[in-house]
Amino acid sequence: MGCGGVARFWREIPQRYNLIGNICGSCNKTFFPPKEACPYCRRKSMGKMQDIKFSGKGEIITYTIIHSASENFQKQVPYIMAIIKLNEGPKITAQIVDCDIENIKIGMKVDSTFRKIQEDGYTGAIYYGYKFRPCNVLVTNNEKEKCETK
Amino acid sequence: MSDIGIVSYGAYIPRYRIKAEEIASVWGKDGESISKGLGIYEKSVPSIDQDTATISVEAARGALNRCSIHPKDIGAIYVGSESHPYAVKPTGTIVGEAIGATPELMVADYEFACKAGTAAMQTCFAFVKSNMIKYGLAIGADTSQAAPGDALEFSASAGGGAFIIGKDNVIAIINKTCSYTTDTPDFWRRAERKYPAHGGRFTGGPAYFKHITNCSFNLMKKVNTKPEDYDYAIFHQPNGKFPVSIARKLGFSYDQIKQSLMVPYIGNTYSGATMIGLSSVLDIAKSGDRIFLTSYGSGAGSDSFDMTITDDIIKLHRGNAPLVEQMVNDKKYIDYGTYAKLTDLLYWE
Amino acid sequence: MRDVAVIGVGLTKFGELWDKSFRHLITEAGSKAIFDSGIGGLEIDAMYVGSMSSGRFIGQEHIGALVADASGFSHLNIPSTRVEGACASGGLAVREGYLSIASGLNDIVVVGGIEKMNDVGGNAATETLATALDQEWEAFFGATLSGVYAMIANRHMYEYGTTRENLAQVAIKNHANGALNPFAQYQREIKMEHVLNAATVAYPLGLFDCSPVTDGAAALVLCSLEKAKKFTEKPVKIIASGQASDSLALHERRDICTLDSTVIAAKKAYKQANITHKDIDLAEVHDCFTIAEICAIEDLGFVKKGEGGKAVEENITTLNGSLPVNTSGGLKSKGHPVGATGVAQIVEIVKQLRGEADKRQVKDAEIGLAHNVGGSGATCIVHILEAI
């Protein structure tokens, strides 16, 4: 299995479900997945790394359409994988869904969605996480940012 | 005592559709006459990476995006479905984590055929009423299964709805709710079986019609209303014919139910059916509108709701999540071979 | 630091070697190298072996000891160490051997590289190669090694106007070279239409843009330069060894189209050898995918960033071009037994610098460069060798 034991998945749930990364309190650089320390501020960043939840909105930097996949992804081919630059800065590798292959392009605006990523056969655990889809397909009105108040 | 009701709502319908005539052609049947007979032209199909948990999360996130309540204020999540991804391990925990409501909350999964979602609404209503929680999240969602070649294959589809129940900024007051329950085996799926079985025409008269009729009359009697007092009515919709027929029998007009009648274009989303119907009504409802809803779950039972839209509906950011009509129209057709792959009909190990 | 020379090289045939086991392959390559070097065997101070994933491919770890044992050195108790850096495992093993002699600790070292990939099915090979990526943040979500390089290719095409045909031309050139190499997995030429009409693996890369799944092994005997003359007339001196790392995941890189690990490893190597890229007569670069060769010739400084495609189009890198690249056929045509590749590249350079490359011989070759990459560029190792 490409996904290891359940504990290995479970400990990444905040990142995979909710795009929790962190920000360096010293230089304000953002990271996903979260880093133990800021690679730029190093010692100065110790104790100043703060969790943040990314909006899930971003832009496609590059993509590919995978036809030859690992065992756990065989049933999904052909599928789109992309590197997305999140609006807050970090880049992330993820699948693009709800997008016809002929429409995918570099520069496309996308936002995150919640999907099954892998399952450990018919008897093992199901692993969920982020994928991305073309932005604003349906949400036409005011793009209110989610209330991350309080 | 302040009013309790729906604070926000969200729905989700997967993008894939298969036409009834495509399914019919595989089994040597006449698609056109089947479509006419069932009142279903096409149905939604979950993508290979979607299940009841992902649909529930999408619907719940939609509900949260429309309002400004903090997820940590949600004190309970109940997810009603007959297609929970795990037989043992709750769907609700996945939803709770994905919307940021964990860890201090109550969670359980419900199953009551197609009415598990409205049962979840009643539970949340009671918890809020008893002041045990501030907000409750009630979800009804399914990726329903039908055996290849079975009549259900034309209707069993995927989708869901999520409702936040509370007493602040209520957009739809729940004036009253009641249920009607008997032991009636019209449709079932035995433990550890993949596909359901049903009693054929027995699912009509003694099951769907009897329970909805009695439950609906009981509620109208309790709140002293008549069908014409309502702007909208929502009934469970296993096909396109039953809800139209039950509405007529109860004295509701077609105009009262048409906003909630999604089944011709998305099929029967089971636990999601009345939830999506209600979401569609809330998409356009105005202050003062009165809404009547009766769900039906095989086995069997019905839950009825009498609701009134408040002035606060204008404060809800309805455009922050997709409207039901938009999701119904955003679709991609697939053929039966793709359908077979996506729904795991070709299961082998 | 002492000077170090290659005094012996050995290579097995590359390909789908159904009748050859892991032990057989590494022993064959090692024996050939020892025979070629003129040493007896008892002089060996240490062994280093590069293998990316013997655990997944043949269910065997503890490869260092296994190789010493299979080669008949267990009773001599020679220290033997496995080195791993994904597809750069071979190159890293060469570096470890080199450093152990340069430091004065050892005089004679055997370096091997091996991968026996065909004992598992195709999907398992794809999955194993994907472990060279970031397992948690790339492969978990469905990325494959070919997919990640395809994303580099797509961005390269977007930014620099590199064409599908440019990519194809890398494969055509490398097959033309491989056709002249009796050790190559594919010893036949291919045409543009073969590449363009092949099945897509990961858009824009097709089957002919990808190196194959290969069984094979390669070995070197390294010796301090002062002692080298005792064993051979034609020692080839390692004049530089530069290594660098970068983020495991492609998405974390400064620039998607630049392998900074290559840029830095090459800079270090040129500095150590006290030369520039202009002094290189030929190069073996890590063309695991066609786009990788285009990026490599840019990042090694042979051409400007973005002009790799054009350079291929202008035939600069063919056997008769001004800078022959991958005269062996490269990973594409010679084959890519991942752990063996970095060592096999040195074998080719040594043969060229000794003037033993037969039909592939680059005239008057004096300085050659070998460029070996792990994953999508998280590890890079550059060696420069000189005929003396």
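To find a chain, count down the sequence lines: A is the first, B the second, and so on, and within it residues start at 1. Since the structure is predicted, the reported quantities are computational estimates derived from the model, not experimental observations.
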Is A/Ile61 in contact with chain C via its backbone, its side chain, both, or neither, using a 4.5 Å heavy-atom distance? both

Starting at CD of C/Glu252, measure out to CD1 of A/Ile92 and round the result to the nearest 0.5 Å. 10.5 Å

Is a donor on one side and an acceptor on the other found under 3.5 Å between the side chain of A/Thr62 and the backbone of C/Met151? yes

Short side-chain to backbone donor-acceptor contact, A/Tyr127 and C/Phe140, under 3.5 Å: no

Looking at A/Ala69 and C/Thr144, what are the two nearest heavy atoms and their distance? CA-CG2, 4.1 Å

d(C/Asn154 CG, A/Ile106 CD1) to nearest 0.5 Å is 4.5 Å

First locate atom CG of C/Leu145, then atom OG of A/Ser68, and finally report the distance between them rounded to the nearest 0.5 Å. 11.0 Å

Exercise: do A/Thr93 and C/His251 side chains pair donor with acceptor under 3.5 Å: yes

Closest heavy-atom pair and its distance - C/Gly142, A/Met81: C-SD, 3.5 Å

Which region of A/Tyr130, side chain (C-beta onward) or backbone (N, CA, C, O), has a non-hydrogen atom less than 4.5 Å from a non-hydrogen atom of chain C, or is it both or neither? both

When A/Pro33, A/Ala94, A/Gly129 are compared by non-hydrogen pairs under 4.5 Å with chain C, the top option: A/Pro33

Using heavy-atom distances under 4.5 Å, tell me whether C/Ala143 contacts chain A through its side chain, its backbone, both, or neither. both

Nearest 0.5 Å, please: how far is NE2 in A/His67 from CG in C/Leu207? 12.5 Å

Relative to chain C, which segment of A/Gln74 carries a heavy atom at a distance below 4.5 Å: side chain, backbone, both, or neither? side chain

Under 4.5 Å heavy-atom distance to chain C, tell me which part of A/Tyr63 shows up: side chain, backbone, both or neither. both

Considering residues, nucleotides and ligands other than A/Lys91, do more than 12 of their heavy atoms fall under 6.0 Å from its NZ? yes

Measure the CD1-CD1 distance between C/Ile152 and A/Ile83 for me, rounded to the nearest 0.5 Å. 8.0 Å

From A/Arg8 atom CZ to C/Glu136 atom CD, the distance as rounded to the nearest 0.5 Å: 4.0 Å

Pick from C/Phe141, C/Tyr149, C/Tyr203 with the largest number of heavy-atom pairs that fall under 4.5 Å of chain A: C/Phe141

Can you tell me if A/Glu36 has over 12 outside heavy atoms packed within less than 6.0 Å of its CD? no

So with a 6.0 Å cut-off around NZ of C/Lys310, is the heavy-atom count from everything else above 12? no

